[in-house]
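Okay, structure first, notes after.
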Amino acid sequence: MDIRVQEAPFDLGHEVEAFTDRQVNMGAVVTFTGITRDLPGAGMDRMEMEHYPGMTERALTKIAEDAMARWDLGDVLIIHRYGVLRPQDRIMMVGTASRHRAHAFEAAEFLMDYLKSRAPFWKKEITKDGSEWVEAKDEDEAALDRW
Amino acid sequence: MDVLYFAWVRERIGIPRETLDSSATTVGELVEELKAREERYAAAFADLSALRVALDQDLSDFDASLEGVREVAFFPPMTGG
């Protein structure tokens with residue numbers, strides 16, 4: 001398990017290669033990457049991602065452990081950034097490795113659903129007209145029900 | 001105990017953290033104490049359905065006990081990913 005909470009950018013290609021290279025006898029690697037979107041209209045200057053140091057690492061570790069317990073996984077990777085992000089920046093990524101494709105896909109979705117509403121991050125969008133905290137969506141909370 | 005605030009809760013109250021001497025035995029009682037202090041607290045805690053609480057860095061509830069708790073954090077629903 002590899003859990004990283006960092007301000008610095010990460011190299012997506014490098015991380016996918018490194019995660020894949022260190023697996024032994026895993027037939028499947030699934031990765032997901034979150035990218036900062038621009039906003040329609042005014043356009044976004046930047047997003048500021050706030051987090052709760054200490055709890056963030058705890059929450060991500062718990063989510064990864066839950067995934068490892070539930071699916072047949074060889075490994076889990078979570079990288080999540082905080083601080084200032086610009087449109088097109090990579091915000092976060094998850095990776096799962098399994099002997100079975102279905103397990104790798106499902107576990108990656110589980111990680112993403114829990115990351116959205118159980119990891120202590122808060123997004124603020126800043127445009128030239130002002131700033132606004134991003135509100136949690138009901139559908140993100142509802143997405144947890146299927147697990 | 002240490003009380004931490006994040007996102008708009010932090011902005012509304014105006015500080016990221018403070019250390020309090022409180023006689024509250026539950027989170028709910030602590031919230032009532034804070035609301036009674038100043039208008040900025042009352043504004044931040046006006047709608048508890050818009051807030052989440054963590055005790056010693058684990059998500060919890062507003063009726064949870066504060067016994068043995070060292071760190072309480074208040075924040076809006078999380079928006080990670």
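Each chain gets a letter, A, B and so on, in the order its sequence line appears, and its residues count up from 1.
- With a threshold of 4.5 angstrom between heavy atoms, A:Glu141 does not approach chain B through any atom at all.
- When the shell of 6.0 Å around CG of A:Asp21 is examined, it contains more than 12 heavy atoms from other residues, nucleotides or ligands.
- Atom CG of A:Leu115 sits about 11.0 Å away from atom CE of B:Met78, to the nearest 0.5 Å.
- Annotation: A:Arg86, atom CZ; neighbour count of heavy atoms from other residues, nucleotides and ligands within 6.0 Å is above 12.
- B:Leu66 and B:Tyr5 end up in the same hydrophobic cluster when Ile, Leu, Val, Met, Phe, Trp and Tyr side chains are linked at under 4.5 Å.
- Other residues, nucleotides and ligands contribute over 12 non-hydrogen atoms within 6.0 Å of the CD atom of B:Glu18.
- Residue-environment remark: CG (A:Asp145) exceeds the threshold of 12 foreign heavy atoms within 6.0 Å.
- Of all heavy-atom pairs between B:Phe6 and A:His51, the closest is CE2-O, 3.4 Å.
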message: Go through it in stages, so that I can follow the logic: the residues are A:Met55 and B:Glu71, the test is side-chain contact (heavy atoms from CB on, under 4.5 Å), and I'd like the CA-CA distance, side-chain angles, deciding distance and then a yes or no.
response: CA-CA 11 Å; A:Met55 180 172 167; B:Glu71 187 171 292; over 6 Å; no
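- For A:Phe105, the CZ atom sits in a loose shell: 12 or fewer heavy atoms of surrounding residues, nucleotides or ligands are nearer than 6.0 Å.
- Few gaps surround CD on B:Glu38; more than 12 heavy atoms of other groups in view lie less than 6.0 Å from it.
- Heavy atoms of A:Met49 lying under 4.5 Å from chain B belong exclusively to its side chain.
- Here the side chain of A:Trp122 pairs a donor or acceptor atom with the backbone of B:Pro76 at under 3.5 angstrom.
- Listed for the B:Thr79 side chain is a donor-acceptor partner under 3.5 Å among the backbone atoms of A:Lys123.
- Heavy-atom distances place no part of A:Arg81 under 4.5 Å from chain B, backbone and side chain included.
- In A:Arg22, the CZ atom is crowded: over 12 heavy atoms of neighbouring residues, nucleotides or ligands sit closer than 6.0 Å.
- B:Asp58 CG to A:Lys62 NZ: the interatomic distance, rounded to the nearest 0.5 Å, is 9.0 Å.
- Note that OG of A:Ser117 is 9.0 Å distant from CZ of B:Arg52, once rounded to the nearest 0.5 Å.
- Comparing A:Phe121, A:Trp133, A:Tyr82, A:Phe32 by heavy-atom pairs within less than 4.5 Å of chain B, the highest count is held by A:Trp133.
- Within a 6.0 Å radius of CZ in A:Arg146, other residues, nucleotides and ligands contribute more than 12 heavy atoms.
- If you measure heavy-atom distances from B:Ala7 to chain A, the contacts under 4.5 Å come from both the backbone and the side chain.
- Atom-to-atom distance recorded for A:Lys124:NZ and B:Trp8:CH2 is 13.0 Å, nearest 0.5 angstrom.
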